[in-house]
Asker: 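The structure under discussion is supplied below as structure tokens; questions concerning it will follow.
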Amino acid sequence: MKLDILAIAAHPDDAELSCSGTIASHVAKGYKVGILDLTEGEMGTRGTPAIRMEESATAAEILGLSVRENLGFEDVFFTEEKKYQVAIARILRKYRPEIVLANAVEDRHPDHGKGGSLVTKACFLSGLRRLETELDGVLQQPWRPKAVYHYIQNNYIEPDLVVDISAYWDIKKESILAFKSQFFDPESKEPESFISRPGFLDFIEARAREMGHKISVTYGEGFTVERVPGVEDLMVLV
Ligand SMILES: [Zn+2]
């Protein structure tokens, strides 16, 4: 199956928090979108990998994803070395996405900046003819996505482009809330984490409003680019 867009995330829920409105908007336009999670988030304060896998599947349904995979890298301890780049390249060659959405270039959680940089390297590597990879015993063809856009998660980063997600805010919120173990739940007996405090979702909404404000819409998601974006038709820019 070929994807139009593949969002790659260090942890299950990074994509929901940062670019799920963009995902929902493009699914609604008929594009095929998938998420690749790099880890199961097993070092997270709350929940277990099994619970987070279930929550990921629920969120995938809410967003209308064509596919969601998890590479099972070690949370916190994965690096940017060859084996991690090659594992991602194998997925890029499998789904041949035109656009890749990746973690923020830097953030509070070191896995985010590291994940963003790892994905940039893997996208380049995947286009190299001399890198031989196999899938189910079949040699894969090289593939390089046309663009990598880095979403913005916890730390504020000035965006290079903003996607209008006003019509998809409710779906974004629903997909985030699918990760029940991670967010505020008055019944939970687990320790409070940075993102489980009441008010965290207000922050997510405030960020979406702030990004939306920049382009005169209600809600937006911001991204930084690796190269200057080009368009044929100026009218597609709002
Ligand atoms: Zn994360």
Side-chain angles (χ1 to χ4, degrees), residues 5-24 33-60 62-63 65 68-80 84 87-88 91 100-122 148-157 159 172-185 188 190-197 199-208 211 221-224:
I5 300 175
L6 178 64
I8 306 182
H11 311 115
D13 79 6
D14 288 347
E16 281 77 3
L17 288 166
S18 314
C19 64
S20 55
T22 301
I23 290 173
V33 186
I35 293 180
L36 171 66
D37 298 304
L38 300 182
T39 74
E40 294 180 346
E42 67 271 17
M43 295 292 268
T45 307
R46 291 156 71 108
T48 63
I51 291 172
R52 287 183 83 164
M53 287 309 97
E54 245 175 65
E55 294 170 341
S56 301
T58 306
I62 292 166
L63 294 173
L65 297 182
R68 183 167 204 159
E69 289 206 24
N70 192 304
L71 280 174
F73 291 172
E74 196 179 357
D75 193 7
V76 178
F77 297 110
F78 72 85
T79 69
E80 295 182 44
Y84 297 104
I88 297 171
I91 300 288
V100 164
L101 307 179
N103 278 109
V105 289
E106 65 90 21
D107 209 359
R108 171 180 170 273
H109 196 311
D111 277 2
H112 296 169
K114 186 174 57 180
S117 163
L118 170 62
V119 167
T120 296
K121 291 185 168 86
V148 179
Y149 300 129
H150 294 269
Y151 44 80
I152 294 162
Q153 194 161 334
N154 188 74
N155 295 1
Y156 180 82
I157 296 173
K172 176 181 172 102
K173 208 160 95 178
E174 206 190 323
S175 77
I176 292 171
L177 291 174
F179 290 85
K180 283 197 208 83
S181 68
Q182 302 302 301
F183 300 105
F184 181 65
D185 171 6
S188 174
E190 292 210 81
E192 186 179 84
S193 73
F194 186 76
I195 63 173
S196 74
R197 295 179 208 147
F200 182 76
L201 283 169
D202 294 335
F203 157 70
I204 298 293
E205 176 165 2
R207 172 62 59 75
M211 290 297 175
E221 282 172 344
F223 296 85
T224 60

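The chain is numbered in sequence order, starting from 1. For ligands, and for the atoms within them, numbers begin at 1 and follow the listed sequence.
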Asker: Considering all heavy atoms of both residues, which atom of P159 and which atom of T224 are nearest to each other, and what is their separation?
Answerer: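 Nearest heavy atoms, P159 then T224: CA-CG2, 4.4 Å.
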
Asker: Parallel, tilted or perpendicular: which one describes the rings of Y151 and F223, with boundaries at 30° and 60°?
Answerer: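 Perpendicular: the ring planes of Y151 and F223 meet at over 60°.
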
Asker: Backbone N or O of P191 within a donor-acceptor pair of the R46 side chain at under 3.5 Å?
Answerer: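 Between the backbone of P191 and the side chain of R46 there is a qualifying donor-acceptor contact (under 3.5 Å).
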
Asker: Taking only protein atoms, how many N, O or S atoms are found under 2.8 Å from the Zn ion (ligand 1)?
Answerer: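 Under the 2.8 Å cut-off, the count stands at 3.
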
Asker: Report the relative orientation of the aromatic rings in F200 and F183; use parallel for angles under 30°, tilted for 30 to 60°, perpendicular for over 60°.
Answerer: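 Aromatic pair F200/F183 classed parallel.
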
Asker: Can you name the one residue among D14, D111, T120 that meets side-chain hydrogen bond (donor to acceptor under 3.5 Å, both in side chains) with N103?
Answerer: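 Testing N103 for a side-chain hydrogen bond (donor to acceptor under 3.5 Å, both in side chains) against D14, D111, T120 leaves exactly one candidate, D14.
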
Asker: So which atom in S56 and which in P12 form the shortest heavy-atom distance, rounded to 0.1 Å?
Answerer: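 Closest approach of S56 to P12: OG-CB, 3.4 Å.
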
